[in-house]
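Take a look at the structure set out below.
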There are 2 protein chains.
Amino acid sequence: MGGGGLKQVQRQTGVALWRQIADRIREAISSGTYDETGMVPPETVLALQFGVNRHTVRSALAALTQEGIVRAVQGRGTLIERKERLNFPITRRTRFTAGIGDQAREMRGLLLDEAKEEASVEVARWLDLKPGEQVIRLETLRHADRRPVSKATSWFPAERFAGIGEAYRKHESITKAFAELGLSDYVRATTEVTAAHASAADMADLELTPGAILLIAKAMNTDLDGVPVQYSISRFAADRVQFTIEN
Amino acid sequence: MGGGGLKQVQRQTGVALWRQIADRIREAISSGTYDETGMVPPETVLALQFGVNRHTVRSALAALTQEGIVRAVQGRGTLIERKERLNFPITRRTRFTAGIGDQAREMRGLLLDEAKEEASVEVARWLDLKPGEQVIRLETLRHADRRPVSKATSWFPAERFAGIGEAYRKHESITKAFAELGLSDYVRATTEVTAAHASAADMADLELTPGAILLIAKAMNTDLDGVPVQYSISRFAADRVQFTIEN
DNA sequence: TATGGTTGTCTATATCAATAGACATTTAAA
DNA sequence: TTTAAATGTCTATTGATATAGACAACCATA
């Protein structure tokens, strides 16, 4: 940010030092701090920078190794394996698959669960229905290049979009599923963005470690007449994506 | 999310159980789970729900008490003190002070630091300058009702906006500072949203506890001719705000 | 083939985090 | 006034976290 440089780490606060340090190093890697060498500084240097024991740094690096972000080679140093961050533009024409398509080779969309249920107060408000009207809920998990990127819960008016679960399973894309059901075009009406820690279930599906952060986008899409067609809550692994809003 | 209900907590992962539980309870409070009673469930009930010892729950509640979110009364229970989440709309006409104005009584903007410096590659790219050209950097801290909401680092072309630090200190608002320097109107061009853990410095200024999450908005504003006038990186306490994007 | 720099492994010690149980204190309601 | 339900305090024990120091193993290079 301001002047760069690694800040001191805090003690006795419920977050283990090795995890705080792992988070800092992960952030430094993804912001390109070590791009020149392609390596993390030596353990002794990091220990000095963070003001901790070398063993504590080793715990942090072990966690990053587990995540596949770095790889230590005895005698040489600790090499950086990955550093990409997917950009996800949020506009009227926001589509997950198309938006990410040029940044990853292989896109997958997996249908985890499908259910027909009564609209909650929140869902009804967003879809402009009465609470208790039937909606279809889909739980989907989206990958880019075999790496899980986001998990989403989506609701659709049940009457209009009967069979959308099957269509999604076939095409692995909401846009294509809509098309099969006769909705050839739609637009993003509103998006609310928040951030939070991951739940146990999301943590497992997104292959996150505890303490990891989610970017959460609550979005509502409408057809070209402004009628709501989808309300969704998408949870993104915050260290793998960024949102771009162009006004 | 899906059906509600508190999920199990994870062990041996560098994040203390009491902190994970504090995060869950904080989230439950801000999403209105306990609005009926205005109280958190009894410690013994929480301990059962999370599958931990009562003392661990007490550590979590102690942390929330420290944050001023709850207040325990012996013999009665643990009362909820605060639960608001400020909404921050992101549009072409995004202004911090005006956007929040109707949700809080008292808005303050504090100038922490001011410096004239050479534009880095990143800043130059956003402000459409050459790297090394002079820019003014402001570090600002914004409060709503005496509660810190966001900390921002902003860069301005130095030649055009000489004296903007002094103007901000006087008006406590970027919009009014611009007005004083002859820029009566401006628009938000792009916003990038990410999330990350707070640095030690941001943690202190925003009165956060370790492990707390930041929503980070990198924004670029232009004048009505499309010439960049400001590039800023704002860090928001994620549990106090949400962003709304209307398309 | 030395040598310096790096990661890997081991032992030991102190503090924090979590569990367990017991009992005191306070409040509200029976 | 009694009682149930809730928070407050204390002791004890175990495992995770962090520090400290020493040395082995490995790599690149002079």
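Residue numbers begin at 1 in each chain, while the letters A, B, ... track the order of the sequences.
The closest side-chain donor-acceptor pair between Arg240(B) and Ser150(B), if any, does not fall under 3.5 angstrom.
Contact record, Tyr168(B) with Gly109(B): OH-CA, 3.5 Å, taken as the closest heavy-atom pair.
Following rounding to the nearest Å, Arg19(A) (CZ) and dT17(D) (P) show an atom-to-atom distance of 10 Å. If you take CH2 of Trp18(B) and P of dA17(C), they are 6 Å apart, rounded to a whole angstrom. When rounded to the nearest whole Å, the span between CG of Leu46(A) and C1' of dG5(C) equals 15 Å. Protein atom CZ of Phe50(B) is 16 Å distant from nucleotide atom C1' of dA18(C), rounded to whole Å.
Out of dA20(D), dT19(C), dA18(C), the shortest distance to the side chain of Asn53(B) is found at dT19(C).
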Protein and nucleotides 5-10 of chain D: nitrogen or oxygen contacts under 3.5 angstrom:
from, atom 1, to, atom 2, distance (Å)
dT7(D), OP1, Thr78(B), OG1, 3.2
dT7(D), OP2, Glu43(B), N, 2.9
dT7(D), O2, Gln74(B), NE2, 3.0
dG8(D), OP2, Arg58(B), NH1, 3.2
dG8(D), O4', Gln74(B), NE2, 3.0
dG8(D), N7, Arg54(B), NH2, 2.8
dG8(D), O6, Arg54(B), NH1, 3.2
dC10(D), N4, His55(B), NE2, 2.9

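Within 6.0 Å of CD in Glu133(A) there are more than 12 heavy atoms belonging to other residues, nucleotides or ligands.
Listed for the Gln20(B) side chain is a donor-acceptor partner under 3.5 Å among the backbone atoms of Val15(B).
Residues satisfying the side chain to side chain contact (heavy atoms under 4.5 Å, CB included) criterion with Ser234(A), sequence neighbours excluded, are Arg142(A), Ala152(A), Ser232(A), Phe236(A).
Between Trp155(B) atom CH2 and Arg137(B) atom CZ the span is 7.0 Å, to the nearest 0.5 Å.
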